[in-house]
Amino acid sequence: MNTAAMTTSPTTTGPTAARTPATTLRTGKALRVGVVLAASVLLGGLTSWAQGVLPQQAAPFANSASGWAVLTVALVVLSRTGGWRAAALGAASFVLLVLGYTAASHLRGLAYSPVLWGTVGLVTGPFVGLAAAWLRTTGRTAALGTAAVAGILVGDGVFGLTHVADTTGVTYWVTIGAAGVALLVGMAVRRLRERGTVLLATVGTLAAAAALVVVLPRVAG
């Protein structure tokens, strides 16, 4: 009898092979999340340093609600996460931006308490993260994501122009407000398109901006 013909070698078919792509995908997601978290701490620290370096026209970016919101949105979008993960990552990113800012401020000999804006990050960060993820979608979710992000930018621009422009100048506030309008228009052209979703995004932007204009003076003190 030819026993060699009866001998089989181990193969990698079956569940083990099927797990390999999934494991690679999970590893990639974990790596992106880790990069976002590390970048949040670093960028938060840089905003503290940038306050003394940026020209007057751009300096408010390092000390405004829209500045940290823009960074959070950008990091979540780049992470390509969605759903509850994007919400959790939004909160974590915002809070770590605050903590990075706090650490850098202390290293510079400046006293800063992260309690207020850390709490703001915990409360609003999930919505910012989810809105950022929705910018990558279409239809109603894209409209809602656009409304949230564009509303923050427009609302902060209006707040700056009406409350602090005397000491900071108007350049940043006009620019950030215009960026919010540009985001709304860009999303309407590229992803929303239908009249109903464009209307939803437009009304939502105005509502979010108005809410921010009312709330922000109380938070900023």
Side-chain angles (χ1 to χ4, degrees), residues 21-44 46-47 61 64-98 100 117 120-157 175-212:
T23 301
T24 302
L25 182 61
R26 286 194 297 269
T27 301
K29 288 181 178 180
L31 180 60
R32 290 197 297 271
V33 168
V35 169
V36 168
L37 298 180
S40 297
V41 176
L42 177 61
L43 290 172
L46 287 176
T47 57
F61 177 83
S64 65
S66 56
W68 280 340
V70 164
L71 293 175
T72 300
V73 168
L75 289 171
V76 173
V77 168
L78 291 174
S79 74
R80 301 200 301 273
T81 56
W84 67 267
R85 292 180 179 85
L89 194 57
S93 177
F94 202 116
V95 171
L96 288 174
L97 283 165
V98 175
W117 283 102
V120 170
L122 283 175
V123 174
T124 65
F127 299 100
V128 173
L130 193 58
W134 282 351
L135 291 177
R136 298 171 49 240
T137 65
T138 58
R140 185 171 298 179
T141 54
L144 293 174
T146 301
V149 178
I152 291 172
L153 304 185
V154 172
D156 200 35
T175 302
I176 202 67
V181 174
L183 174 64
L184 175 61
V185 173
M187 288 292 290
V189 171
R190 297 190 60 184
R191 291 188 176 271
L192 305 180
R193 298 183 181 178
E194 295 182 3
R195 184 177 301 176
T197 52
V198 172
L199 180 61
L200 175 61
T202 302
V203 173
T205 296
L206 294 175
L212 191 66

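Treat the numbers as computed from the prediction; the structure is a model and nothing was measured.
- A donor-acceptor pair is defined here as one N or O able to donate and one able to accept, closer than 3.5 Å; such a pair exists between the side chain of Thr197 and the backbone of Leu192.
- Using a 4.5 Å heavy-atom threshold, the side chains of Thr124 and Ile152 count as separate.
- The minimum heavy-atom distance between Leu153 and Ala179, with the atom names listed, is CD1-C, 4.1 Å.
- Listed by first and then second residue, the side-chain hydrogen bond (donor to acceptor under 3.5 Å, both in side chains) pairs that reach into residues 77-90 are Ser79-Thr81, sequence neighbours excluded.
- A distance of 12.5 Å separates CG of Leu42 from CG of Leu37, quoted to the nearest 0.5 Å.
- Among Leu89, Leu31, Leu96, the one residue that satisfies the side chain to side chain contact (heavy atoms under 4.5 Å, CB included) test with Val36 is Leu89.
- Relative ring orientation between Phe94 and Trp117 is described as parallel, the plane-to-plane angle staying below 30° on a 0-90° scale split at 30° and 60°.
- When all heavy atoms are compared, the tightest approach of Ala143 to Leu200 is CB-CD2, 3.9 Å.
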Item checked: Criterion side chain to side chain contact (heavy atoms under 4.5 Å, CB included) on Leu184 and Thr202, from CA distance to verdict -> CA-CA 7 Å; Leu184 175 61; Thr202 302; 4.2 Å; yes
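- Within the structure, side-chain hydrogen bond (donor to acceptor under 3.5 Å, both in side chains) contacts touching residues 136-157 (residues at least two apart or in different chains) are Ser66-Asp156, Thr137-Thr141.
- A donor-acceptor pair under 3.5 Å is absent between the side-chain atoms of Ser93 and the main chain of Gly90, judged by distance alone.
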Per-pair distances, 0.1 Å, donor-acceptor, side chain in residues 126-135, under 3.5 Å, sequence neighbours excluded:
none

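- Between Leu43 and Leu97 the shortest side-chain heavy-atom distance falls below 4.5 Å.
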Next item on the list: Could you please spell out the steps behind the side chain to side chain contact (heavy atoms under 4.5 Å, CB included) verdict for Val149 and Val70?
Entry: CA-CA 8 Å; Val149 178; Val70 164; over 6 Å; no
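- Pairing each heavy atom of Ala209 with each of Val154, the nearest pair is CB-CG1, 4.0 Å.
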